[in-house]
Amino acid sequence: MYTIVVLGSRGVGKSALITQYAENRFEEEYNPTIEDNFRKTDEIDGKSCLLDILDTGSQEEYKSLREGGLSRGQGFVLVFSLTQESSLTELVETRDRVLQARPGGEVPMVLVGNKCDLVSEREVSKGRGEGLSAKFNCSYLETSAMLGTDVHEVFRGLVRQIMKMTPGSHDYDPKRESRDQARGSRMCVLL
Ligand code: GDP
Ligand code: MG
């Protein structure tokens, strides 16, 4: 199972992205979330993967997440709205919190600019989003939870990152097992 945490300011479309991915529908009404869990099975690179997705509420409520969700998460989706510049800048602090909760090592992460369908309301350029993702050292996607644009790619890309970082821990691969043995990696683990 892959545990994914979705973070970002209120109203940027976190719940809408998850609903579109997990249930293929768009929720037009705005229901402020406190915390919610979604399970979805997806086929990624020919493998059946179970995703456990944690939807979060507003920044203030993260505090309760810090010990629980943030440290349990294997991958993080950082969402802002392309129509709201402040939601982008707020992610700087959000990312810091993630890194504090997950010290040491790389943390699989993707930066998402949502609501790309609202072309005339756009406040954040693609270059700006790309620039921040370069600083964050993660990938960047522009999505529309309403139209479904690139929504699957967000979650699939993140699962691929997690797979790369922790190869072999999610399923049993006899070929990899024998390769590792040949390299003596078993010994390293024991030492
Ligand atoms: P959250 O607080 O981050 O979970 O935000 P929601 O998912 O509840 O979305 C907030 C509002 O933005 C809702 O009214 C959604 O219908 C709307 N919304 C979310 N994603 C999109 C999108 O991609 N395009 C448009 N046009 N509206 C969106
Ligand atoms: Mg929500």
Side-chain angles (χ1 to χ4, degrees), residues 1-9 12-22 33 35-57 59 62 64-81 87-114 116 126 128-143 145 149-173 176 180 185 189:
M1 187 166 74
Y2 298 87
T3 309
I4 286 169
V5 182
V6 181
L7 299 166
S9 306
V12 296
K14 299 178 293 297
S15 303
L17 281 167
I18 298 170
T19 308
Q20 183 61 264
Y21 176 60
T33 316
E35 212 176 290
D36 225 343
N37 255 86
F38 292 79
R39 289 265 168 103
K40 154 113 178 161
T41 308
D42 199 0
E43 174 129 345
I44 301 172
D45 301 336
K47 279 188 202 151
S48 179
C49 301
L50 176 64
L51 282 77
D52 182 28
I53 305 170
L54 181 64
D55 188 9
T56 63
Q59 299 269 357
Y62 286 178
S64 67
L65 263 178
R66 206 177 293 176
E67 292 86 30
L70 289 190
S71 53
R72 227 180 42 237
Q74 294 175 293
F76 296 85
V77 182
L78 302 189
V79 189
F80 69 94
S81 170
S87 68
L88 172 93
T89 48
E90 277 164 21
L91 284 181
V92 174
E93 196 195 323
T94 305
R95 178 175 178 266
D96 287 345
R97 287 193 181 170
V98 172
L99 297 184
Q100 274 165 25
R102 294 280 316 267
E106 245 177 273
V107 182
M109 207 180 267
V110 56
L111 179 67
V112 173
N114 186 42
C116 71
K126 191 166 185 188
R128 184 85 198 283
E130 285 171 344
L132 189 67
S133 77
K135 268 195 207 146
F136 283 3
N137 193 23
C138 72
S139 54
Y140 176 60
L141 283 171
E142 295 196 340
T143 60
T149 315
D150 269 356
V151 174
H152 283 63
E153 284 63 27
V154 169
F155 295 94
R156 289 176 180 164
L158 201 50
V159 167
R160 288 192 186 100
Q161 281 184 53
I162 301 169
M163 282 178 178
K164 250 197 235 163
M165 278 188 51
T166 53
S169 64
H170 303 282
D171 56 14
Y172 179 67
D173 178 358
R176 179 179 292 125
D180 287 352
S185 63
V189 172

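The residues of the chain are indexed from 1 along the displayed sequence.
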* Asked: Distance-only, no hydrogens or angles: does the K14 side chain make a donor-acceptor pair with backbone N or O of V79 under 3.5 Å?
  -> no
* Asked: Shortest non-hydrogen contact from F155 to L51?
  -> CB-CD2, 4.1 Å
* **Atom pair CG (D45) and CZ (R160), whose distance is rounded to the nearest 0.5 Å** => 4.0 Å
* Asked: Considering residues, nucleotides and ligands other than D96, do more than 12 of their heavy atoms fall under 6.0 Å from its CG?
  -> yes
* Give the C-alpha distance, both sets of side-chain angles, the deciding distance and a yes or no for salt bridge (charged side-chain N to carboxylate O under 4.0 Å, His left out) between E43 and K47. => CA-CA 5 Å; E43 174 129 345; K47 279 188 202 151; over 6 Å; no
* Ion pair check, D52 and R39, cut-off under 4.0 Å -> yes
* **Smallest separation among heavy atoms of S87 and V12, with atom names** => CB-CG1, 3.6 Å
* Report the distance from atom OG of S9 to atom CD of E93, rounding to the nearest 0.5 Å. => 10.0 Å
* Minimum-distance pair of heavy atoms, taken over all atoms of F136 and L91 -> CZ-O, 3.8 Å
* V159 and side chain to side chain contact (heavy atoms under 4.5 Å, CB included): which partner among M163, R156, Q161? -> M163
* Closest contact, heavy atoms only, T41 versus S48 -> CG2-OG, 3.5 Å
* Asked: Would you say V98 and L7 make side-chain contact, with heavy atoms under 4.5 Å?
  -> yes
* Asked: If every non-hydrogen atom of G73 is compared with every non-hydrogen atom of V5, which pair is closest and at what distance?
  -> CA-CG2, 3.8 Å
* Structure fact -> Value for CD (E130) from OG (S139), rounded to nearest 0.5 Å, stands at 11.0 Å
* Between atom CD of E153 and atom CG of L158, what is the distance when rounded to the nearest 0.5 Å? -> 13.0 Å
* Dump the intermediate steps for side chain to side chain contact (heavy atoms under 4.5 Å, CB included) on R95 and L99, then the final yes or no. => CA-CA 6 Å; R95 178 175 178 266; L99 297 184; 3.7 Å; yes
* Evaluation steps, side chain to side chain contact (heavy atoms under 4.5 Å, CB included), between N37 and I53 -> CA-CA 6 Å; N37 255 86; I53 305 170; over 6 Å; no
* Asked: Angle class for the Y140/F80 ring planes (parallel below 30°, perpendicular above 60°, tilted otherwise)?
  -> parallel
* M109 CE to F76 CZ distance, which is reported to the nearest 0.5 Å -> 6.5 Å
* Asked: Do V6 and L17 have side-chain heavy atoms sitting under 4.5 Å apart?
  -> no
* Pair N114, S81: side-chain N/O donor-acceptor within cut-off below 3.5 Å -> no
* Are any non-hydrogen side-chain atoms of Q74 and I4 less than 4.5 angstrom apart? -> no
* At what distance, to the nearest 0.5 angstrom, does OG1 of T149 lie from CD of E142? -> 10.5 Å
* Using a distance-only test with no angle check, is there a side-chain donor-acceptor pair under 3.5 angstrom linking D55 and S15? -> yes
* Structure fact -> All heavy atoms of R97 vs all of L70, minimum pair found to be O-CD1, 4.0 Å
* Pairwise side-chain contact, L78 with V110, heavy-atom cut-off 4.5 Å (strictly under) -> no
